[in-house]
Amino acid sequence: MGDFEIKGKVAIVSGGGGVLGGSISKSLLEAGVKVAILDIREENLQSRIDELSPLGEVEGYTCNVLEEESLIAVRDKVIKKWGAIHILINAAGGNIPGATLTEDQTIFDMKISDYKKVTDLNLDGTVIPSLIFGEAMAKSGEGSIINISSMATYSAITRVMGYSVAKTGVNIFTQWMASELALKFGEKVRVNAIAPGFFIGDQNRAVLINPDGSYTERSKKVLAKTPMKRFGDIKELNGLVQFLCSDAASFITGTIIPVDGGFSAFSGV
Ligand code: NAD
């Protein structure tokens with residue numbers, strides 16, 4: 001495998017109890033990476049650890065990505081156990097119901113407290129872990145941080161204003177942190193983001209799939225603007241994640257890479 005080899009590295013995956021973080025954790029374990037999964041929901045975390053333990057070395061930590069102290073505690077435990085942190089996947093995030101407008105609401109109906117919750121989770125929930133775990137990478141002189149952006153950062157997608165604003169913040173943070181780390185800590189600590197198109201997850205299932213299993217009107221619009229005419233399979237993120245974690249990506253930092261079946265490339269016409 002040469003430059004693509006990631007076996008033996010140590011990864012932190014936030015939100016690993018969820019759909020995308022769980023799938024990414026599984027693929028990293030299968031590639032021989034040791035994985036520490038962080039999630040705020042203890043029951044999600046425990047079922048994920050039970051599922052993944054047979055595949056390799058995996059540890060679970062109940063942790064809120066917005067709490068500096070609990071992140072520092074996890075950082076110290078992981079370094080004590082496995083000696084280093086090479087990879088950080090910031091996959092904790094997603095929409096929250098109160099910040100997702102219903103069809104008949106306008107932006108003026110959104111509670112500002114819900115807007116704050118969604119921007120805190122999706123922006124600060126990436127920035128704060130990047131600072132805590134990125135510092136360990138900067139000290140050791142090696143690391144790859146991968147943030148999760150969104151299609152909601154290219155042009156306006158109705159109903160999810162707070163989420164769009166926060167994920168667009170993640171984009172500039174990715175570019176900013178990539179520049180900062182390369183300028184001040186050398187070229188071996190890299191920061192990139194992946195921008196998934198539409199994958200069915202807990203956070204968006206209700207707006208994409210009707211209770212009877214059929215596609216919602218919104219789903220049909222998404223598929224009409226997706227040249228590949230389908231939703232993504234979460235496994236389709238894994239190749240890019242592994243590549244970005246490997247030395248094969250040694251000159252790649254500060255990028256935001258879509259994995260979207262062409263959604264961001266196509267005008268819909
Ligand atoms: P998900 O809801 O299945 O998983 C998110 C996980 O994060 C959950 O297990 C949740 O408990 C955890 N979490 C929430 N708040 C946390 C906190 N404060 N601290 C620690 N953990 C916390 O969502 P998903 O679909 O797997 O999405 C993961 C990421 O990918 C999110 O950033 C989401 O915005 C992004 N994304 C998803 C899609 C998609 O189509 N599913 C598309 C684009 C981007």
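Read the numbers this way: they start at 1 and go in the same order the structure lists the ligands and their atoms. Positions are given from 1 along the sequence. Heavy atoms only: backbone and side chains are in, while hydrogens, waters and symmetry mates are out.
Heavy atoms of Met151 found under 4.0 angstrom from ligand 1: none, in either backbone or side chain. Residue Ala195 does not touch ligand 1, judged by heavy-atom distances below 4.0 Å. Contact annotation for Leu121 and ligand 1: only side-chain heavy atoms (C-beta onward) come within less than 4.0 Å of the ligand. Residue contacts with ligand 1 for Ala91 involve N, CA, C or O but no side-chain atom from C-beta outward (heavy atoms, distance under 4.0 Å). Proximity of Ser14 to ligand 1, defined as any heavy-atom pair under 4.0 Å, is not found for any part of the residue.
Here is the list of ligand 1 atoms found below 4.0 Å of a heavy atom in Tyr163: 33 (C), 34 (O), 35 (C), 36 (N), 43 (C), 44 (C). Heavy-atom proximity to Cys63, at under 4.0 Å, picks out these atoms of ligand 1: 19 (N), 20 (C). If you number the atoms of ligand 1 from 1 as listed, the ones under 4.0 Å from a heavy atom of Arg41 come out as 8 (C), 9 (O), 10 (C), 11 (O). Taking a cut-off of under 4.0 Å to the non-hydrogen atoms of Asn64, the atoms of ligand 1 that pass are 17 (C), 18 (N), 19 (N).
Side chain of Ser150 to backbone of Thr153: no donor-acceptor contact under 3.5 angstrom is found. Under a 3.5 Å cut-off, the side chain of Lys167 and the backbone N or O of Ile148 do form a donor-acceptor pair. Between the side chain of Asn122 and the main chain of Gly94, a donor-acceptor pair closer than 3.5 Å is present. Of the possible donor and acceptor atoms, one in the side chain of Thr174 sits under 3.5 Å from a partner among the backbone N and O of Val170. Asn210 places a side-chain N or O within donor-acceptor distance of the main-chain N or O of Tyr215, the cut-off being under 3.5 Å.
Around atom NZ of Lys229, more than 12 heavy atoms belonging to other residues, nucleotides or ligands sit under 6.0 Å away. More than 12 heavy atoms of other shown residues, nucleotides or ligands fall within 6.0 angstrom of atom CD in Glu51. Atom CD1 of Ile112 has 12 or fewer neighbouring heavy atoms from other residues, nucleotides or ligands inside a 6.0 Å radius. Counting non-hydrogen atoms of other residues, nucleotides and ligands closer than 6.0 Å to CD of Glu42 gives a total of 12 or fewer.
For atom 9 (O) of ligand 1, the candidate residues are Asp39, Leu237, Ile96; the nearest heavy-atom contact is made by Asp39.
In terms of protein heavy-atom proximity, atom 35 (C) of ligand 1 is nearest to Ile148 CG2, 3.6 Å. For atom 38 (C) of ligand 1, the nearest protein heavy atom (residue, atom name, distance) is Gln203 NE2, 3.3 Å. Closest protein heavy atom to atom 22 (C) of ligand 1: Ile40 CG2, 3.5 Å. Closest to atom 42 (C) of ligand 1, if we only count protein heavy atoms, is Gly197 O, 3.4 Å. Nearest protein heavy-atom neighbour of atom 41 (N) of ligand 1: Phe199 O, 3.2 Å. Of all protein heavy atoms, the one lying nearest to atom 7 (O) of ligand 1 is Gly15 CA, 3.4 Å. Counting protein heavy atoms only, atom 3 (O) of ligand 1 is closest to Val19 N, 2.9 Å. Here the protein heavy atom with the shortest distance to atom 30 (O) of ligand 1 is Leu20 CD1, 3.2 Å.
Between Asp120 and Lys117 there is no salt bridge, since no side-chain nitrogen of the basic residue lies less than 4.0 Å from a carboxylate oxygen of the acidic one. Glu135 and Arg75 are joined by a salt bridge, as a carboxylate oxygen and a charged side-chain nitrogen come within less than 4.0 angstrom of each other. We find that Glu57 and Lys81 are not joined by a salt bridge, their nearest charged nitrogen and carboxylate oxygen being 4.0 Å or further apart. Between Lys26 and Glu30, at least one side-chain N (NZ, or NE/NH1/NH2) sits under 4.0 Å from a carboxylate O, which counts as a salt bridge.
For Ala152, the closest heavy-atom approach to ligand 1 does not fall below 4.0 Å.
Note: an N/O pair closer than 3.5 Å links Val65 and ligand 1 by distance alone. Backbone and side-chain nitrogen or oxygen atoms of Lys167 are examined, and one is located within less than 3.5 angstrom of a nitrogen or oxygen of ligand 1.
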